[in-house]
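Let me begin by handing over the structure; questions about it come next.
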Protein chains: 2
Amino acid sequence: MARITKKPEERRLEIIKTAEKLFRENGFSNTPVDAIIKEMGVAKGTYYYYFKSKEDVLEAIVEYQLDQLVQMVEQIANDASMDALTKMRLLLSGSHIGDEDTKEVIEQLHLPANRELHEVTNIQTVLKLSPIFAKIVEQGNQENVFNTRYPLETMQFLLTGGQFLLDGGLFNFSEQEIIDRRLAMQEIVEKALGAEPGTFDFMNSTVSEGDKND
Amino acid sequence: MARITKKPEERRLEIIKTAEKLFRENGFSNTPVDAIIKEMGVAKGTYYYYFKSKEDVLEAIVEYQLDQLVQMVEQIANDASMDALTKMRLLLSGSHIGDEDTKEVIEQLHLPANRELHEVTNIQTVLKLSPIFAKIVEQGNQENVFNTRYPLETMQFLLTGGQFLLDGGLFNFSEQEIIDRRLAMQEIVEKALGAEPGTFDFMNSTVSEGDKND
DNA sequence: ATCATATGACTGACCGTCAGTCAAGTATGA
DNA sequence: TCATACTTGACTGACGGTCAGTCATATGAT
C-alpha cells in the first residue's frame with residue numbers, strides 16, 4: 001500500500017476526526033477500529049501507534065470537543081465588562097451552551113446509540129464547566145442578584161441535572177417532556193442560586209435568533 | 001457432564017445472581033459470559049436459552065434490584081399514616097435510599113469499573129423513583145411544608161443530580177468532596193421544594209450506627 | 001556531493017478473546 | 001411413547017490489540 005507520512009499532530013487529529021464521525025454515525029461499539037483505518041486508508045498499526053486502545057480515542061474526542069467549549073465559556077466568564085446575569089444569559093439562552101460551532105458539535109452527540117460518548121462527555125462537561133460557572137455565580141453574589149452559599153457545589157449539581165437529564169441524550173424524552181423539564185429547571189436554578197423568579201426566563205424563550213419581547 | 005434440569009424461573013434467577021456477583025467483582029466488560037457459566041457449572045447454551053445477549057442480563061439485574069427498591073419506596077410513600085416529611089426522612093436519611101438489604105445491593109454498585117452497570121441503574125432509578133417521590137411532594141404541598149410547582153419534573157431533576165453526581169459512582173469524589181456536595185444538595189432540595197431551611201438536616205446527619213429513638 | 005547511520009512513522013499478518021450459534025442429546029409430563 | 005422443555009459444548013466469526021519489520025527522511029561524517 002502507498003505509504004504516506006504525515007506530521008504526528010496532523011495524523012492524530014485525522015484519527016480523532018474520523019473516529020468521531022464514525023462513532024456519531026454508527027455508535028461507538030458498532031464501529032470497529034478496522035472501520036476507522038479503512039476510512040483513513042492506513043494500517044491498523046498506525047492507529048495503535050497513536051492511541052493505546054479504542055477507548056483511548058473516545059477520550060481524545062471528548063477532550064478535543066470540550067476544549068473548544070471550555071475556551072468559549074471561559075472567554076465570556078472572564079469578561080470584566082459584563083455583569084453576571086448577562087454572562088448567564090449568553091451562556092444559557094437557546095437550548096444549548098455555546099454558539100453555532102459549538103452547538104453543532106454538541107448537538108451531534110445527542111443521537112442515540114452513543115451511550116459511551118454521552119457518558120464520558122457528560123461527566124467531563126460537568127467537571128470542566130462547573131468551576132467556570134461558579135466564578136460567575138460568585139460575581140452574581142457580589143452584585144446581589146444571586147445568593148448562593150456553595151457556588152461550586154451548587155453549579156456542579158445543577159449542571160449534572162441539566163446535562164444528564166436534558167442534554168445528555170440518556171433519557172428518551174419527547175419534545176413536550178423536555179419543555180416541561182426545562183420549565184421546572186428554570187425554577188430550580190433560580191431558587192438554588194437565590195435569584196428573583198423570572199431571572200432565568202431566557203432559558204425557556206422560544207426565540208433564540210432575534211429579540212422578541214412577548 | 002452431569003445434567004441438572006431446573007425450573008426456568010429458578011435458573012433465570014441463578015444466572016442473574018451469578019452475573020451480578022461477577023460483574024460487581026470484575027466489572028461488566030471484564031466478565032466474559034464464559035465466567036458466568038463456569039461459576040454456575042452450566043453450558044454456554046443454557047445462558048443463551050434464558051438471555052438473548054450479554055447486555056440482556058445487565059438489564060435484568062438492574063430490573064431485579066430496582067424492583068426491590070421500588071417496592072420498598074412505594075410502601076413508605078403509600079402509607080397514609082405518615083406525613084410527607086416523615087416519609088422523606090425515612091427514605092433519605094443516612095446516605096442511601098433504602099434499608100440494609102437494599103443499601104447493600106446499591107452500595108456494591110458504587111465500585112469502579114462498573115460504568116455499564118452504573119449507567120443503566122442510574123437512569124432507571126431516576127425514572128422509576130421520581131413519580132413515587134412526586135406523590136410525596138404533592139402530599140407535602142398539601143400539608144404546607146413544601147411549595148413546589150412541578151413536583152414530578154422537580155423530583156426528576158433532583159434525583160438525577162443526586163444519583164449521577166453522588167450515588168452513581170461516576171465521579172471519583174473524595175470523602176470530603178462528597179460531604180461538601182451533600183451539604184449543597186440539602187440546600188438545593190430545600191429551596192427547590194420550597195421547604196424551610198433545615199428541614200432536610202437528616203440528609204447530612206452523621207448518626208447511622210448508634211440506635212436512635214424517634 | 002555522497003554515503004552511512006539513526007529515527008520514527010507506518011505496515012499488515014497474526015493472535016487471543018469472546019459473544020453468540022446450532023445441531024444434537026436428555027429429562028419430564030401427558 | 002411422543003412431544004416439549006431444557007441442556008450441552010463444539011464451533012464460528014468478529015474484533016481488539018501486538019509486533020517484527022519496512023521505508024522515507026533527517027543528520028552528520030567523509
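Naming convention: chains lettered A, B, ... in sequence-line order (proteins, then strands); numbering from 1 in each chain.
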Over how many whole Å does the gap from B/Phe23 atom CZ to C/dA19 atom C1' extend?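 Spelled out: CZ on B/Phe23 to C1' on C/dA19 is 12 Å.
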Taking C-beta and beyond as the side chain, do B/Glu190 and B/Gln186 meet within less than 4.5 Å on heavy atoms?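 Yes. Closest side-chain heavy atoms under 4.5 Å.
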May I have the list of side-chain donor-acceptor pairs in residues 132-139 of chain B shorter than 3.5 Å, sequence neighbours left out?
from, atom 1, to, atom 2, distance (Å)
B/Gln139, OE1, B/Lys87, NZ, 2.8
B/Gln139, NE2, B/Met82, O, 2.9
B/Gln139, NE2, B/Glu143, OE2, 2.8

Anything under 30° is parallel, anything over 60° is perpendicular, the rest tilted; go ahead and classify A/Phe51 against A/Tyr47.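 Taking A/Tyr47 first and then A/Phe51, their aromatic rings sit tilted (interplane angle of 30° to 60°).
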Just to verify, what does B/Ala35 make a side-chain contact (heavy atoms from CB on, under 4.5 Å) with, not counting sequence neighbours?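 Scan of B/Ala35 (side-chain contact (heavy atoms from CB on, under 4.5 Å), adjacent residues dropped) gives B/Leu22, B/Thr31, B/Pro32.
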For B/Asn204 versus B/Ile179, what's the shortest heavy-atom pair and its separation?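 Nearest pair, atom of B/Asn204 first, then B/Ile179: OD1-O, 4.3 Å.
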Distance in angstrom units between A/Asn30 CG and C/dA19 P, rounded: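 Result: 16 Å.
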For A/Lys54, answer base if it contacts any base atom (sugar-phosphate contacts may also be present), sugar-phosphate if it contacts only those atoms, and nothing otherwise; contact means non-hydrogen atoms under 4.0 Å.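 It contacts sugar-phosphate atoms only.
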Round to the nearest Å and state the distance from B/Tyr48 atom OH to C/dC18 atom P.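 Answer to the nearest Å: 12 Å.
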Rounded off to whole Å, could you give me the CZ-to-C1' distance for the B/Phe28 and C/dC18 pair?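 Answer to the nearest Å: 12 Å.
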Could you check if a side-chain atom of B/Lys38 sits within less than 4.5 angstrom of a side-chain atom of B/Asp34, using non-hydrogen atoms only?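 No, side chains not in contact.
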Between C1' on D/dT18 and CZ on A/Phe51, what's the gap in Å once rounded to a whole number?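 Spelled out: CZ on A/Phe51 to C1' on D/dT18 is 18 Å.
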Kindly point out which of C/dC10, C/dT21, D/dT8 is positioned nearest to the side chain of B/Val42?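 Shortest atom-to-atom distance from the side chain points to D/dT8.
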Does C/dC10 have OP1 or OP2 sitting under 4.0 Å from an N or O in the side chain of A/Arg11?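 Yes.
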Considering every strand and a 4.0 Å limit on heavy-atom distances, what is the contact class for A/Tyr50: base, sugar-phosphate, or nothing?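 Counting heavy atoms under 4.0 Å across all strands, the contact made by A/Tyr50 is with sugar-phosphate only.
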Test item: side-chain donor near acceptor, B/Asp67 and B/Gln71, under 3.5 Å: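 Not at all, the side chains of B/Asp67 and B/Gln71 share no donor-acceptor pair under 3.5 Å.
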Whole Å only: how far is the OH atom of B/Tyr47 from the C1' atom of C/dT21?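 The answer, rounded to whole Å, is 14 Å.
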How is B/Lys52 classified with respect to the nucleic acid when contacts are heavy atoms under 4.0 Å: base, sugar-phosphate, or nothing?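 No contact at all - B/Lys52 keeps every heavy atom at 4.0 Å or more from the nucleic acid.
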What's the closest nucleotide to the side chain of A/Pro32 if the choices are C/dT11, D/dC15, D/dT7?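 Shortest atom-to-atom distance from the side chain points to D/dC15.
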Expressed in angstrom and rounded to an integer, what is the separation of B/Tyr49 atom OH from C/dA24 atom P?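 After rounding, the gap between these two atoms is 19 Å.
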Pairing residues for A/Lys21 by the salt bridge (charged side-chain N to carboxylate O under 4.0 Å, His left out) criterion, not counting sequence neighbours: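 A/Lys21 satisfies salt bridge (charged side-chain N to carboxylate O under 4.0 Å, His left out) with A/Glu39 only.
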Ring centroid separation A/Phe202 to A/Phe200 under 6.0 Å: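 A/Phe202 vs A/Phe200: aromatic centres under 6.0 Å.
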Residues that B/Tyr50 engages under side-chain contact (heavy atoms from CB on, under 4.5 Å), provided they are two or more places apart: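 B/Tyr50 satisfies side-chain contact (heavy atoms from CB on, under 4.5 Å) with B/Pro8, B/Arg11, B/Arg12, B/Ile15, B/Thr46 only.
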Kindly state which residues belonging to residues 56-63 of chain B come within less than 4.0 angstrom of DNA chain D, counting heavy atoms of the residue only, listed by number.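 Heavy-atom contacts with DNA chain D come from no residue of residues 56-63 of chain B; none.
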I'd like a table of atom pairs between the protein and nucleotides 4-7 of chain C - only N or O on both sides, under 3.5 Å - with the distance next to each one.
none

By the 4.0 Å heavy-atom rule, please label B/Thr5 as base, sugar-phosphate, or nothing.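 Since only primed, P, OP1 and OP2 atoms lie under 4.0 Å of B/Thr5, the category is sugar-phosphate.
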If I take atom CD1 in residue B/Ile36 and atom C1' in nucleotide C/dA19, what distance separates them, rounded to the nearest angstrom?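 In whole Å, C/dA19 C1' lies 11 Å from B/Ile36 CD1.
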Between D/dT8, D/dT7, D/dG17, which nucleotide has the shortest distance from any of its atoms to the side chain of B/Ala43?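 Nearest listed nucleotide: D/dT8.
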